[in-house]
Amino acid sequence: MAVTARLGAVVACVVLAAVAVAPRPAAGILDPVDFLALQAVRRSLDDMPGSAFFDGWDFTADPCGFPGVFCDGDRVAGLALGDPRAGSPGLTGRLDAALGRLSALTELSLVPGRVEGELPASLASCSNLRFLAVSKNLLSGQIPDGLSALSNLRTLDVSFNQISGAIPPSVAALPSITNLILCHNQLTGGVPSFPDSSPLLRLDLKHNALSGGVPALPAGLQYLSLSANKLSGTVDQVLPRLARLNFLDLSVNQLEGPIPASVFALPLSVLQLQRNFFAGPVQPSGDVTIPVVDLSYNRFWGQLSPLLAGVGQLYLNNNRFSGEVPARLVQELVGSGGLQVLYLQHNFLTGIEISPSSSLPSTVSLCLMYNCMVPPVYAPCPIKARSQNTRPADQCPEWRG
C-alpha cells in the first residue's frame with residue numbers, strides 16, 4: 001500500500017510539474033485527469049504522412065494551446081483531432097478509452113483518415129457531449145449502447161466507416177438528438193423507432209444493409225435518406241405525416257405500394273424513389289415544383305400527369321406508363337421552361353405532340369426510346385437506355401405502328 005501511495009504521489013507531481021510550466025496563472029492549470037487523458041489520446045494516434053497536426057502537441061507547454069484542444073477554465077471542452085483543412089491528410093491509430101475521462105467534453109470530432117478500432121464505449125461518461133463526429137475513417141465494431149446516457153447529444157455522425165450490428169434503440173431515443181448520420185457502414189437489422197417527441201431533423205442511414213419496414217418517424221423530420229438498403233413494405237402511411245421534409249431519398253430498396261399524392265406537395269428539393277417496387281398511378285393533387293423527381297425503375301402505371309410539368313428534372317423511365325405525353329410537359333421542355341430533363345424511355349407511351357422538325361434546346365434532355373411509338377424527334381438518350389427505338393407491336397395492344 002505504501003509503495004502504491006508513493007507511486008501515485010510521484011505521478012501527480014510529474015503531471016503538476018509539467019502543467020506548471022505553462023504560461024497561465026495557477027488558477028488556470030489544466031485538470032490533471034484531463035492532462036493524462038490527452039497524453040493517452042496522443043499515444044494512441046499518429047499523423048498520416050503529410051500531416052503535422054501533432055507537431056503542436058508539446059506537453060511541456062499548456063495543452064489548452066494545442067491545435068484542436070479547446071478549454072473552458074481548467075477543463076477540456078472541445079477536441080478536434082486532425083487538421084480540418086479540406087484535402088489535408090488525417091490520422092492513424094485508434095481512439096483511446098481515455099477520451100471518456102474528459103468529463104467536461106462537449107464536442108469531439110475526428111477528421112477523415114485511417115483511424116481504426118471501435119468507438120470507445122467510455123464516451124458514455126462524457127455526459128455533456130453535444131457533438132460527436134468521426135466520419136470517413138476505418139472504425140469498426142458496433143455503436144455502443146451506452147451512448148444512450150448522452151442526454152445532451154445533438155449530432156452523432158459515424159458515417160463512412162465499417163460500423164456493423166444493429167442501431168441501438170436507445171440511440172434513437174436520445175432526447176436531444178437532431179442529426180443522426182450513420183450512412184455508408186455495414187449496419188443490419190431494422191430502422192429504429194423514434195419517440196413522437198424526438199427533435200430529430202436529419203436521418204441519414206443510406207448504404208447499409210438494413211431490412212424490414214420503414215417505421216413511423218418524427219413529424220419534424222426535414223432530411224430523410226434510407227437509400228441502398230434492403231427495406232421492404234409500404235410507406236403510404238409513413239410519408240404523409242412528414243410535412244416538413246425538404247429531402248427524401250428511398251431509392252434502391254424493395255419498397256412497394258402506392259405513393260400518396262401529398263408527397264408531391266412537400267417542400268422538397270429532391271424526391272428520389274427510383275429502383276423499388278412502387279406501383280399504381282402517379283396523381284399529384286396540384287402543380288409539382290420539386291426540382292428533381294426520380295421515379296424510374298418502378299412499376300408505376302397509368303397516364304402521365306400534366307401537373308408534373310413544373311419539375312426541373314423528371315425521371316419516369318422504366319415503368320409502365322401509357323397513353324400520350326401531356327402537351328404541357330412538351331411545352332415546358334421545348335419552350336425552355338423549368339423542365340430541363342424528361343426521361344420517358346422504357347414505358348408503354350403511345351404518342352407525343354411535338355413537331356418532327358422541332359429543334360430541342362441544347363440545354364434540355366428528352367428520351368422516348370422503347371415505347372409504343374416511333375420517337376418523332378431525335379434526342380440523345382443515356383447509354384443504358386440501349387438502342388431499340390420502339391417496343392415490339394405485340395407488347396402494344398393500343399398501337400399498331
Side-chain angles (χ1 to χ4, degrees), residues 15 18 30 33-71 76-126 129-144 146-147 150 153 155-165 167 171 179-187 204 206-209:
V15 172
L30 186 65
V33 174
D34 285 17
F35 185 93
L36 288 174
L38 286 179
Q39 285 190 320
V41 170
R42 172 64 187 93
R43 287 193 298 268
S44 67
L45 294 168
D46 284 299
D47 285 303
M48 288 176 60
S51 173
F53 174 73
F54 282 123
D55 286 359
W57 281 43
D58 178 1
F59 283 92
T60 63
D62 180 5
C64 291
F66 290 179
V69 178
F70 306 92
C71 295
V76 175
L79 192 55
L81 295 170
D83 190 336
R85 291 178 298 182
S88 296
L91 306 178
T92 62
R94 294 173 177 267
L95 293 176
D96 196 274
L99 286 166
R101 298 205 293 271
L102 300 173
S103 57
L105 199 64
T106 61
E107 297 186 6
L108 173 60
S109 63
L110 175 66
V111 301
R114 300 189 66 81
V115 176
E116 56 186 10
E118 297 186 359
L119 195 64
S122 61
L123 288 171
S125 299
C126 301
L129 199 62
R130 298 194 302 262
F131 182 87
L132 175 56
V134 293
S135 66
K136 296 182 180 178
N137 279 278
L138 300 175
L139 297 173
S140 57
Q142 300 186 7
I143 299 172
L147 295 186
L150 303 178
L153 191 64
T155 295
L156 175 59
D157 182 356
V158 300
S159 59
F160 292 89
N161 279 286
Q162 299 171 8
I163 305 294
S164 58
I167 302 171
V171 170
N179 299 285
L180 186 57
I181 308 170
L182 311 179
C183 59
H184 290 270
N185 278 289
Q186 301 167 11
L187 295 168
D204 192 345
K206 63 176 175 284
H207 287 272
N208 279 288

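Residues take their numbers from the sequence shown, with the count starting at 1.
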Exercise: identify the closest heavy-atom pair between Gly56 and Phe66
O-CD2, 3.5 Å
Ser109 and Phe131: which non-hydrogen atoms are nearest, and at how many Å?
CB-CE2, 4.2 Å
Residues Leu123, Leu95; criterion side-chain contact (heavy atoms from CB on, under 4.5 Å); working and verdict:
CA-CA 10 Å; Leu123 288 171; Leu95 293 176; 5.9 Å; no
So, taking the atom named CZ in Arg114 and the one named CG in Leu45, what distance separates them when rounded to the nearest 0.5 Å?
14.5 Å
Is a side-chain N or O of Asp34 found less than 3.5 angstrom from the main chain of Ala104, in a donor-acceptor match?
no
Does the pair Leu99 and Cys126 meet the rule for a side-chain contact (heavy atoms from CB on, under 4.5 Å), with working shown?
CA-CA 8 Å; Leu99 286 166; Cys126 301; 5.8 Å; no
Ignoring hydrogens and angles, tell me if any N or O in the side chain of Asp47 forms a donor-acceptor pair with the backbone of Phe54 under 3.5 Å.
yes
Do Ser140 and Leu138 come within less than 4.5 Å of each other through their side chains, counting heavy atoms only?
no
Quick check for you: to the nearest 0.5 Å, what is the distance between Leu119 atom CG and Gln142 atom CD?
12.0 Å
Between the OG atom in Ser164 and the CD atom in Gln186, the distance rounded to the nearest 0.5 Å is 6.5 Å
Please find the pair of heavy atoms, one from Leu38 and one from Pro63, that lie closest to each other, and give the distance.
CD1-CB, 3.8 Å
Between Phe35 and Phe59, how do the two ring planes meet: parallel, tilted or perpendicular, split at 30° and 60°?
perpendicular
Min side-chain heavy-atom separation Leu102-Leu108 under 4.5 Å:
no
Which heavy atom of Pro89 sits nearest to which heavy atom of Met48, and what is that distance?
CB-CB, 4.2 Å
Say you draw a straight line from SG of Cys71 to CG of Leu30; how long is it, rounded to the nearest 0.5 Å?
5.5 Å
How far apart are the closest heavy atoms of Leu150 and Ala124, and which atoms are they?
CD2-O, 3.8 Å
Side-chain contact, heavy-atom cut-off 4.5 Å: Val134 with Val115?
no
Kindly say whether Phe53 contributes a backbone atom to a donor-acceptor pair with the side chain of Asp55 at under 3.5 angstrom?
no
Using modelled atom types only, decide if a donor and an acceptor are shared between the side chain of Asn208 and the backbone of Asn185 within a distance under 3.5 Å.
yes
Determine, step by step, whether Leu182 and Ile163 satisfy the side-chain contact (heavy atoms from CB on, under 4.5 Å) criterion, reporting the C-alpha distance in whole Å, the side-chain angles of both residues, the deciding distance to 0.1 Å, and the verdict.
CA-CA 9 Å; Leu182 311 179; Ile163 305 294; over 6 Å; no
Between Asp96 and Arg94, does any NZ, NE, NH1 or NH2 come within less than 4.0 Å of an OD or OE carboxylate oxygen?
no
For a quick check under 3.5 Å, do Ser159 and Asp157 share a side-chain donor-acceptor pair by atom type?
yes
Flag, side chain of Thr155 to backbone of Asn179, donor-acceptor distance under 3.5 Å:
no
So, does Asn137 use its side chain to make a donor-acceptor pair with the main chain of Val111 at under 3.5 Å?
yes
First locate atom CG of Leu132, then atom OG1 of Thr106, and finally report the distance between them rounded to the nearest 0.5 Å.
11.5 Å
Specify the closest pair of heavy atoms between Ser125 and Gly100, including all atoms of both residues, with the distance to one decimal.
CB-O, 3.5 Å
